[in-house]
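Note on naming: letters A, B, ... go to the chains in the order of the sequence lines (proteins, then strands), and numbering restarts at 1 for each one. Below, all heavy atoms of this structure are taken into account, side chains as well, without hydrogens, waters or symmetry copies.
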There are 2 protein chains.
Amino acid sequence: MKSQRSDCPVSQSLDIWGDKWSLLIIRDLMTAKQCTYGDFLKAPEGIATNILAARLFQLEENGLIEKLDHPESKAKVLYKLTPKGIDLLPVMVEINLWAEKYFNIPADRKAQLKEVKKDKEGFIKAGMKELRRS
Amino acid sequence: MKSQRSDCPVSQSLDIWGDKWSLLIIRDLMTAKQCTYGDFLKAPEGIATNILAARLFQLEENGLIEKLDHPESKAKVLYKLTPKGIDLLPVMVEINLWAEKYFNIPADRKAQLKEVKKDKEGFIKAGMKELRRS
DNA sequence: GTTTGCACTTGCAAAACGCAAGCAAACCTA
DNA sequence: TAGGTTTGCTTGCGTTTTGCAAGTGCAAAC
C-alpha cells in the first residue's frame, strides 16, 4: 500500500486518483460502462500504454475498477467500475459543471450538462443506477 | 500556456489542478480563507517548498488563487481564492463525501460532514458566500 | 546593526512519465 | 493447420517532474 500523506479525506482521495490520468479512465468507464484496454488507448488525450497499464493496476488495486473476462473472446479484457468507482459520479458531475463555467467545451457536452442542471440529484441517481445495472 | 490534451471538461480541469498537491492548496484556502506561504508549508502532508512555489504560481496563472499584500507586513504575502477557485467548493464537498464513505477520516471531519449532508445545497451556498466575503 | 522570519530559489538525486519497440497468447483466415 | 493480425500488456531508455536540503534576499524585530 502506498503511504498515505495524511488522514485528510481530500489527501487520501488524491493519493489514489490524484494525477492527470486516473479520472479520465473513470470518465471513460462512466460514459461507456465498460471498456477494453484498447478503448482507453483510443481516448482523445492519448495516454501512453505503459502509463495506462500502471493506472489500471493502481485503480484496481484500490478497488475503483475491476477486470472481467470478455464474453466473446479470451484475448480481450473488460474493465468496469466497482461501486466505489461508481460513487465518484457526483464528483465527476461537479467537475463537469465547474469546467463548463470556465472553459470552452464541446456543444454536445454543453447540451448534456444543461440537462444535468435541470435535476442534478435525479441525474446522478439515475446514472448510478444505470452503472450498477451494467 | 500549458497545452491542453483535449476539449473534454474533465481533461481540461485536470490539466490545471490534476496533481497530488493543487487541491490541497485549494482545501487550505477553503478552510482558512487566506494563507501565507508558510501556512501551506505547515499542512500535515508536508509539501516541499519548491513544489509549493511552482503550484502557487500555476494556480495563480490559471486564475484559481490570487496574491495580496499582507496588511501587517511587507515580508508576508496573502493567498486567497478567486471566484473561479471558490467555485470548486462543490467539487471539494463531493470529494469529502466520497472519501468519508471509503476511508477512515478524523472524527471532527466526520462530524462536519454530517452537518453537510443535512443540507448540502445550503452548506455550499453559505460556504461560497462566506469565501466571497473574505 | 545584527539576528530572525518570511518567501522563495537553486542544485542535485530519485522517481515518474512518455515514446517506441517488443512480446506472448488468442484469434482469424485460407 | 500454418501464417498473419489483434489484444493486452512489458521493456528500454531519454526526458520531465518530484523531493530533499541548502542557500538567498528582503523586511522586520531587537
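- A:Glu100 has no carboxylate O lying under 4.0 Å from a charged side-chain N of A:Arg109, or vice versa, which leaves the two without a salt bridge.
- The side chain of B:Thr36 lies closest to C:dA7 when the candidates are D:dT18, D:dG8, C:dA7.
- Of the candidate nucleotides C:dA26, C:dG18, C:dG5, C:dA26 has the atom lying nearest to any side-chain atom of A:Ser73.
- Within the 4.0 angstrom heavy-atom criterion, no nucleotide atom of any strand lies near A:Phe40.
- Atoms CZ (A:Phe57) and P (D:dG8) sit 18 Å apart, rounded to a whole Å.
- Nucleotides of DNA chain D nearest to A:Leu78 and A:Asn50 differ in position, and the one nearer the 5' end is that of A:Leu78.
- Whole-Å rounding puts the B:Asp69 CG to D:dA28 P distance at 11 Å.
- Atom CG of B:Leu52 and atom P of D:dG19 are 12 Å apart (whole Å).
- Contacts of B:Lys20 with the nucleic acid, taken as non-hydrogen atoms under 4.0 Å apart, are absent.
- The distance between atom CD1 of B:Ile25 and atom P of C:dA7, rounded to the nearest whole Å, is 14 Å.
- OP1 or OP2 of C:dC17 has not a single side-chain nitrogen or oxygen of A:Trp21 nearer than 4.0 Å.
- In the set C:dA26, C:dA7, D:dA27, D:dA27 carries the atom at the smallest distance from any side-chain atom of B:Ala75.
- Here the side chain of A:Tyr79 is nearest to one of C:dC27, C:dG18, D:dC9, namely D:dC9.
- Looking at A:Gln12, its side chain does come within 3.5 Å of a backbone N or O of B:Asn104 through a donor-acceptor pair.
- What separates CG of B:Asp15 from C1' of C:dC17 is a distance of 15 Å, to the nearest Å.
- Residue-level contact check: A:Thr49 touches the bases, meaning some heavy atom is under 4.0 Å from a base atom.
- Between A:Lys84 and A:Asp87, none of the side-chain N atoms (NZ, or NE/NH1/NH2) sits under 4.0 Å from a carboxylate O, so this pair counts as no salt bridge.
- With the nearest nucleotide of DNA chain C identified for both A:Arg55 and B:Leu56, B:Leu56 has the one nearer the 5' end.
- The residue among A:Ala54 and B:Lys76 whose nearest nucleotide of DNA chain C lies closer to the 5′ end is B:Lys76.
- Classification of A:Glu121 and B:Lys120 as a salt-bridged pair fails, no side-chain N sitting under 4.0 Å from a carboxylate O.
- The backbone N or O of B:Leu64 lies less than 3.5 Å from no partner atom in the side chain of B:Asn62, so there is not a single donor-acceptor pair.
- Separating the CD1 atom of B:Ile51 from the C1' atom of D:dT16 is a distance of 12 Å, rounded to the nearest angstrom.
- When each of D:dA27, C:dC8, D:dT18 is scored by its nearest atom to the side-chain atoms of B:Lys74, the top-ranked nucleotide is D:dA27.
- In this structure, A:Arg5 atom CZ and D:dG19 atom C1' are separated by 13 Å, rounded to whole Å.
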Evaluate the criterion side-chain hydrogen bond (donor to acceptor under 3.5 Å, both in side chains) for residue pair A:Tyr37 and A:Thr49; output intermediate values, then yes/no.
-> CA-CA 9 Å; A:Tyr37 191 86; A:Thr49 171; 2.8 Å; yes
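- Listed nucleotides D:dG8, C:dG18, C:dC8 differ in distance to B:Tyr37; the shortest reach to its side chain belongs to C:dC8.
- Spacing between atom CG of B:Leu41 and atom C1' of C:dC6 amounts to 10 Å, rounded to whole angstrom units.
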